[in-house]
Structures are given as structure tokens and as C-alpha cells.
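Structure first, then comments.
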Amino acid sequence: DRIDSNKNYSLNNIQVLELSENIAKKRMGSNWINGKNSKIPRGVRFKDNKWTSRITINRKAKYLGSFSSKEEALEVFKEAYIAHYNKSPW
């Protein structure tokens with residue numbers, strides 16, 4: 001996988017990842033939130049007037065909770081991601 005997706009596949013821009021890490025990284029992306037394109041993980045979304053957070057590990061989704069703010073949902077997602085993958089999702 002590339003470290004910086006805006007660069008080429010030179011040796012100093014390539015990283016070796018486990019399959020589950022690579023899948024999780026590819027799931028990080030752009031979501032449409034309130035009509036605006038926001039860089040947030042796909043596991044965080046606005047649903048039923050609240051923010052929800054979930055993480056997918058080995059193809060199984062784990063619900064992390066619902067929150068009043070996007071920041072809370074992102075923080076819980078980040079903590080779960082770090083607990084499983086031992087590194088920050090972004």
C-alpha cells in the first residue's frame with residue numbers, strides 16, 4: 001500500500017500492511033454529511049439526529065454507541081481503532 005496516496009509507488013512511499021489493516025484503511029474515506037463532503041471514517045455517521053460510531057473487524061461490525069456530537073463519535077471510533085490496530089486511523 002502507499003503511505004501517501006497522492007504520490008507514486010516508489011520504495012520510500014510503500015508500506016506493508018496486514019490484510020485487515022489494508023481493508024480498514026481503504027474504508028477510511030469521504031462521506032457526505034449534511035450535504036458537505038467530510039473526511040471521516042465510514043464507521044462514523046449521522047443517523048436519526050445523532051452521531052453513531054461502529055468499527056468493522058474481521059468483517060464483523062461492532063456498534064460503539066450513539067453520541068450527541070461528531071467529535072465524541074470520532075473519539076470513540078479512534079480509541080477502538082487504536083485498541084485493535086495499535087495505531088491511529090489518521
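Every heavy atom of this structure was used, including side-chain atoms; hydrogens, water molecules and symmetry mates were not.
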Could you see if V76 belongs to whatever hydrophobic cluster contains I57? Use Ile, Leu, Val, Met, Phe, Trp, Tyr and a side-chain cutoff under 4.5 Å. yes
In Å, rounded to the nearest 0.5 Å, how long is the span from OG1 of T52 to CZ of F77? 11.5 Å
About how many Å separate CH2 of W51 and CZ of R45, when rounded to the nearest 0.5 Å? 11.0 Å
Hey, could you give me the OG/CZ distance between S69 and F46, rounded to the nearest 0.5 Å? 11.0 Å
Straight-line distance of E72 CD to S66 OG, nearest 0.5 Å: 9.5 Å
Rounded to the nearest 0.5 angstrom, the CD-CG distance for E75 and L64 is 12.0 Å
Heavy-atom pair with the smallest gap, counting every atom of V44 and S53: CG2-OG, 4.0 Å
